[in-house]
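Take a look at the structure below.
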Amino acid sequence: MSNDQTDLPTIELVSKLPKVGEKIKSNGSACNYIEKIAIEYGVNYLINPKDESNLHQRSKERLENDNNRQQENLEKIFKLTSDNYKTIKTAKIDPDWLFHFISIAKNIRNHSMQHLWARTLKQELTISNSVSLKTLDTLRNMTHKEAQIFHRASMLSCQISNDSCKKLVTSLKIKPFLLPRLFSTKIKKLNLGYFQLPYSDVLILMDLGLLIKTELESGSLEPKVSFPFRYQQYTYNLTPIQKEVSFTYYRFSPVGEELAELLGEKTNEPFRESILELINTYFIVEAN
């Protein structure tokens, strides 16, 4: 997948519900803010019954406005796809997949999330069956804040040895190979919270089904036997200096893998420096 980050979705917090083309601003009491939302969605009659139209007319107008919003959302997503991905070679897209995509994407109003849905469509147009229906459903159920969390997790993901699965490394475990009953196992933790991914966010990603819910451990790595270690676009050869060294990590689920592919590769430089500092103590590290 391309490393070009120009079309990566910019994840920014949205604190209030936006209108089409603008945000609702909360000036005054909570009641006023609620009324503004109700007016936008055509359900304000009982709050301020000045409208002389009947229930059927109000329902019809609300549904028409909903349809217009959905149409506008879809047009924006397809325009983003067309503008940013003119040079891709398209594959034949499954009509059932496309129907499912449209049924969800029509309700995506956040601009950054629309970029992500455009990337999703591009990926499926490029490689058929590369984005599952389950991934679409997971993406639909993600809030904007949860998408931010996953984006940060993706930027911290690594690949160990010849296993292509993405992992969040949490620590190195060094077991004593001499007199193990007298010496305890050393655990050198990597604090993901320092990189804006606290454990509470890890739990959110587990609940979304993007991370496997168990912290896993690699087998003990053979001393003097090199293996590849990949962080984003950087690849290193690691050679353990001693016996009984292993990684602990959280593994991305298959759906998490698909979504991470959509986001592409982007480096968190302080994290790269920290993980290199961690592994340099127990491995010979060679950059490729």
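- Within the 4.5 Å cutoff, no side-chain heavy atoms of I212 are placed close to those of Y250.
- Distance CD1/I77 to CG/L121: 8.5 Å, rounded to 0.5 Å.
- Panel note: side chain K224, backbone E222; no donor-acceptor pair is recorded below 3.5 Å.
- Residue I37 is grouped with residue V43 when hydrophobic side chains (ILVMFWY) are merged at heavy-atom distances under 4.5 angstrom, including chains of intermediate members.
- Rounded to the nearest 0.5 Å, atoms CZ (R119) and CG (L139) are 12.0 Å apart.
- Side chains of L259 and F252 form no contact here, defined as non-hydrogen atoms less than 4.5 Å apart.
- Checked against side chain to side chain donor-acceptor pair (under 3.5 Å), S59 has no partners two or more places apart in sequence or in another chain.
- Without hydrogens or angle criteria, Y41 side chain to N65 main chain gives no donor-acceptor distance under 3.5 Å.
- Within the structure, every pair that satisfies the side chain to side chain donor-acceptor pair (under 3.5 Å) test and touches residues 188-204, not counting sequence neighbours, is listed here: R152-D201.
- Counting only heavy atoms from C-beta outward, the side chains of L208 and I149 never approach each other to under 4.5 Å.
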Would you check, one step at a time, whether the test side-chain contact (heavy atoms from CB on, under 4.5 Å) holds for L276 with Y236? CA-CA 10 Å; L276 283 177; Y236 304 93; 3.7 Å; yes
As a quick check of understanding, evaluate side-chain contact (heavy atoms from CB on, under 4.5 Å) for L238 and I284, giving each step before the final call. CA-CA 6 Å; L238 305 188; I284 298 171; over 6 Å; no
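- By the side chain to side chain donor-acceptor pair (under 3.5 Å) test, E217 pairs with K173, S246, sequence neighbours left out.
- Counting all heavy atoms, side chain and backbone alike, E257 lies closest to C165 at OE2-CA, 3.1 Å.
- Evaluation of the salt bridge (charged side-chain N to carboxylate O under 4.0 Å, His left out) rule for K79 yields D83 as partners, not counting sequence neighbours.
- Side-chain contact of Q57 with E61: a donor-acceptor pair under 3.5 Å is absent, judged by distance alone.
- In this structure, L156 CG and K167 NZ are separated by 15.0 Å, a value rounded to the nearest 0.5 Å.
- Applying the salt bridge (charged side-chain N to carboxylate O under 4.0 Å, His left out) test to R251 and every residue at least two apart in sequence or in another chain returns nothing.
- Counting heavy atoms from C-beta outward, Y249 and L168 have side chains that stay 4.5 Å or more apart.
- Interatomic distance, CD of E146 versus CG of L210, reported as 9.0 Å (0.5 Å rounding).
- At least one donor-acceptor pair under 3.5 Å links the side chain of T248 to the backbone N or O of S171.
- Qualifying side chain to side chain donor-acceptor pair (under 3.5 Å) partners for E215, counting only residues two or more places apart in sequence or in other chains: T170.
- Across all non-hydrogen atoms, the minimal contact from K92 to S128 is O-OG, 2.8 Å.
- The shortest distance between side-chain heavy atoms of L116 and L263 falls below 4.5 Å.
- No donor-acceptor pair closer than 3.5 Å links the side chain of Q70 to the backbone N or O of K106.
- Under the 4.5 Å side-chain heavy-atom criterion for Ile, Leu, Val, Met, Phe, Trp and Tyr, L203 and L216 are members of the same hydrophobic cluster.
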Check against salt bridge (charged side-chain N to carboxylate O under 4.0 Å, His left out), K76 and E72: CA-CA 6 Å; K76 286 180 177 179; E72 184 178 19; 3.7 Å; yes
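- By the rule that hydrophobic residues join a cluster once side-chain heavy atoms approach within less than 4.5 Å of another member, M155 and L205 end up as members of separate clusters.
- At distances below 3.5 Å, not a single donor-acceptor pair connects side-chain atoms of S154 with backbone N or O atoms of A260.
- Residue pairs meeting the side chain to side chain donor-acceptor pair (under 3.5 Å) criterion with at least one member in residues 275-288, sequence neighbours excluded: N237-N288.
- Counting only residues at least two apart or in different chains, salt bridge (Lys or Arg N to Asp or Glu O under 4.0 Å) contacts with residues 130-141 comprise D137-R140.
- Remark: side-chain polar atoms of Q159 are not paired, donor with acceptor, to backbone N or O of Y231 under 3.5 angstrom.
- When side chains are defined from C-beta on, E261 counts as touching K166, because their heavy atoms get closer than 4.5 Å.
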What's the verdict on side-chain contact (heavy atoms from CB on, under 4.5 Å) for F283 and V245, showing C-alpha distance, side-chain angles and the deciding distance? CA-CA 9 Å; F283 298 88; V245 178; 3.7 Å; yes
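- For N48, the side chain to side chain donor-acceptor pair (under 3.5 Å) partners two or more places apart in sequence, or in a different chain, are E35.
- The closest side-chain heavy-atom distance from L80 to W117 is not below 4.5 Å.
- Checked against salt bridge (charged side-chain N to carboxylate O under 4.0 Å, His left out), D94 has no partners two or more places apart in sequence or in another chain.
- Between L192 and F271 there is a side-chain heavy-atom pair separated by less than 4.5 Å.
- Cluster annotation: I93 is connected to F78 through the hydrophobic network of ILVMFWY side chains, with a link wherever side-chain heavy atoms come within less than 4.5 Å.
- For H100, the ring-ring contact (aromatic ring centres under 6.0 Å, His included) test picks out no residue, with sequence neighbours left out.
- Residues S103 and N107 come closest through the heavy atom pair O-ND2, 3.9 Å.
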Please step through side-chain contact (heavy atoms from CB on, under 4.5 Å) for the pair C158 and Q232, ending with a clear verdict. CA-CA 7 Å; C158 303; Q232 304 300 319; over 6 Å; no
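- Closest approach of W97 and V131 over heavy atoms only: NE1-O, 2.8 Å.
- Cluster membership check: I241 does not share its hydrophobic cluster with I279, using side-chain heavy-atom separations under 4.5 Å among Ile, Leu, Val, Met, Phe, Trp and Tyr.
- Scanning for salt bridge (charged side-chain N to carboxylate O under 4.0 Å, His left out) contacts around R58 gives an empty result, with sequence neighbours left out.
- The structure places CE of M113 at 12.0 Å from CG of N73, a figure rounded to the nearest 0.5 Å.
- The two residues V255 and G209 have their closest heavy-atom pair at CB-O, 4.4 Å.
- To the nearest 0.5 Å, the span separating NE2 on H115 from OG1 on T81 amounts to 10.0 Å.
- Taking a cutoff of 4.0 Å between a charged side-chain nitrogen and a carboxylate oxygen, R272 and E269 qualify as a salt bridge.
- In terms of heavy atoms, H144 sits closest to S112 at NE2-CB, 3.8 Å.
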